[in-house]
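Structure record follows, encoded as structure tokens.
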There are 2 protein chains.
Amino acid sequence: MAKIATTVYEQIRTAILTGELSNSERLVEEDLAVSMGISRTPVREALRRLAAEGLVDVSPNRGARVAEWDVHDLREIFDLRSILESHACELATPRASAAEIEFLENVCLEMEELAQTELSSETRLPALAARNRIFHGKIIEMSNSTRLGLLIETLIHVPIVMQTYKVYSPEALQRSLHHHREIVNAMKAGDEVWASSVMRAHVLAAREEILGQPDPA
Amino acid sequence: MAKIATTVYEQIRTAILTGELSNSERLVEEDLAVSMGISRTPVREALRRLAAEGLVDVSPNRGARVAEWDVHDLREIFDLRSILESHACELATPRASAAEIEFLENVCLEMEELAQTELSSETRLPALAARNRIFHGKIIEMSNSTRLGLLIETLIHVPIVMQTYKVYSPEALQRSLHHHREIVNAMKAGDEVWASSVMRAHVLAAREEILGQPDPA
DNA sequence: ACGTTAAATTTTGTATACAAATAGAGCAGC
DNA sequence: GCTGCTCTATTTGTATACAAAATTTAACGT
């Protein structure tokens, strides 16, 4: 239990990601501090870190609020993700080991099985979202570019907030799973153009799926 | 003179960028604080911000050091810049106004004139580097994507450190200026594929120019 | 001499105290 | 009733104090 600042950073972060802290809600340092039984100092540090990641907005002398995003922001984010994640695929493909391919195939399988079960969406959706993050994260890791990973990480926070609420249509879910399979197949074939193209399409399709639906608020 | 933290942030930042603080030098909070006549608190905040931008590395309980980069890091950075700046060109081209094109042409002209003068490289290089940053920054601004701008900004710090020391070969300089001209011409023609392709080549050429030369340390 | 361990010093992390700035309530004037 | 002001109360920004951790120094034994 090393650093308090890190702990409170994670707490506030998950509070935002789960929607516990609603959009553009004001984050008063002292309130957060007393509610966690600590002093303002680590809270302040955590808020600045969250600001650097784009999860909160801070104005000088006026404090921090939970960041909010409009449709234009989401378009930007998904466009950039489509470019960067496709690049990750391009880099990962020639480096992919048999074990890594197998790992990705396993994630695919798990997601396909989850998709077939008749679980309520309350339990199924988070499980799918978690696997999805693992799949994308693994490919980024395989790309062996730390900066690329950092860049994508900063972009991914906002979509994660949405994923908790968003219910994908059955067709979109199927398409998404097929994309994953196709990406792995392309990587197995050593075809980085194929792999990166599917990844690009995959993220752009997700963009339309999310921007097409009405706001859940 | 609002916030001390911002002032000290900028001071440390330029100290790193000008090479005044050498590579992997340790940054002790108290030392920096007394040398600027302030307390540790704003210094600490500044260091965390610099860490978020990748200019310093901080380890828990072990403080901050000036970040250092190897050849692999530089490759990563230039590869990503080539992708993102080319994307900026793609977005900017259909949006470019006549005034913006003219502005870019002016920057081209100034750089061409500077290149012809027989000034010592000590004065000429910073002037060229400044214009270069203006040129690229303008195109990013024209892309109208704040997130794209932020992403590129985080990548650009390290190359800026190099630009201060690096002496370009005359041929590389000429090629660079021709690239700039060609980019503007492509934008004027409304051809975003052309424009983004030249930009991609432009950044990749810069990568080879920098990675090809031996280390100045 | 060398390496290992133990104190001493330095340095980071957190808490508290105070100053400066902002936001909000209440009131005057129109 | 609405606008603009002043004064109060929050809230942020900075300084200082203290505790925990790490680094350095010194001593000790083999």
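Naming convention: chains lettered A, B, ... in sequence-line order (proteins, then strands); numbering from 1 in each chain.
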Inset, instruction - Inspect the contact between A/E105 and A/K188 and indicate whether a charged nitrogen and a carboxylate oxygen are less than 4.0 angstrom apart. - result: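 Judged by the 4.0 Å cut-off on N to carboxylate O distance, A/K188 and A/E105 do form a salt bridge.
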Gap between atoms [atom1] and [atom2], on [X] and [N] respectively (whole Å):
| X | N | atom1 | atom2 | value |
| --- | --- | --- | --- | --- |
| B/R26 | D/dT24 | CZ | P | 7 Å |
| B/R49 | D/dG13 | CZ | C1' | 12 Å |
| A/R44 | C/dG13 | CZ | C1' | 15 Å |
| B/K3 | C/dA20 | NZ | C1' | 13 Å |
| B/N61 | D/dA19 | CG | P | 17 Å |
| B/L27 | C/dT10 | CG | C1' | 16 Å |
| A/E30 | C/dC18 | CD | P | 15 Å |
| B/Y9 | D/dG13 | OH | P | 16 Å |

Inset, instruction - Map A/T6 and A/R62 onto DNA chain C by nearest heavy atom, then report which one ends up closer to the 5' terminus. - result: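 By nearest-heavy-atom nucleotide position, the 5'-most residue is A/T6.
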Nucleotide nearest [X] (side chain, heavy atoms from C-beta), chosen from [options]:
| X | options | value |
| --- | --- | --- |
| A/I4 | D/dG13, C/dT14, C/dT12 | C/dT14 |
| A/I38 | D/dT14, C/dG13, C/dA15 | C/dA15 |
| A/V28 | D/dT11, C/dA15, C/dG13 | D/dT11 |
| B/P42 | D/dT14, D/dT11, C/dA21 | D/dT14 |

Identify whether any heavy atom of [X] sits under 4.0 Å from a base atom; if not, whether one sits that close to sugar-phosphate; answer base, sugar-phosphate or nothing.
| X | result |
| --- | --- |
| A/L47 | nothing |
| A/E29 | sugar-phosphate |
| B/R48 | sugar-phosphate |

Inset, instruction - Determine which pairs satisfy ring-ring contact (aromatic ring centres under 6.0 Å, His included) with at least one residue from residues 129-159 of chain A, sequence neighbours left out, and list them in order. - result: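 Qualifying pairs, neighbours excluded: A/F135-A/H180, A/H136-A/H180, A/H136-A/H202.
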Legend entry - B/T6: side chain to side chain contact (heavy atoms under 4.5 Å, CB included) partners, not counting sequence neighbours: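 For B/T6 the side chain to side chain contact (heavy atoms under 4.5 Å, CB included) partners, ignoring immediate neighbours, are B/K3, B/E10, B/R49.
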Legend entry - Nearest-nucleotide 5' precedence on DNA chain D, A/T41 against A/A64: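 It is A/A64 whose nearest nucleotide is closer to the 5' end.
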Inset, instruction - Would you confirm whether B/S59, through its side chain, and B/R62, through its main-chain N or O, come within 3.5 Å as a donor-acceptor pair? - result: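 No.
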Legend entry - Side-chain (B/D73) to main-chain (B/D70) donor-acceptor, under 3.5 angstrom: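 Checking the backbone N and O of B/D70 against the side chain of B/D73, a donor-acceptor pair under 3.5 Å is found.
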Legend entry - Distance-only donor-acceptor test, A/R40 side-chain atoms vs D/dG13 base atoms, 3.5 Å: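 Side chain to base: pair found, below 3.5 Å.
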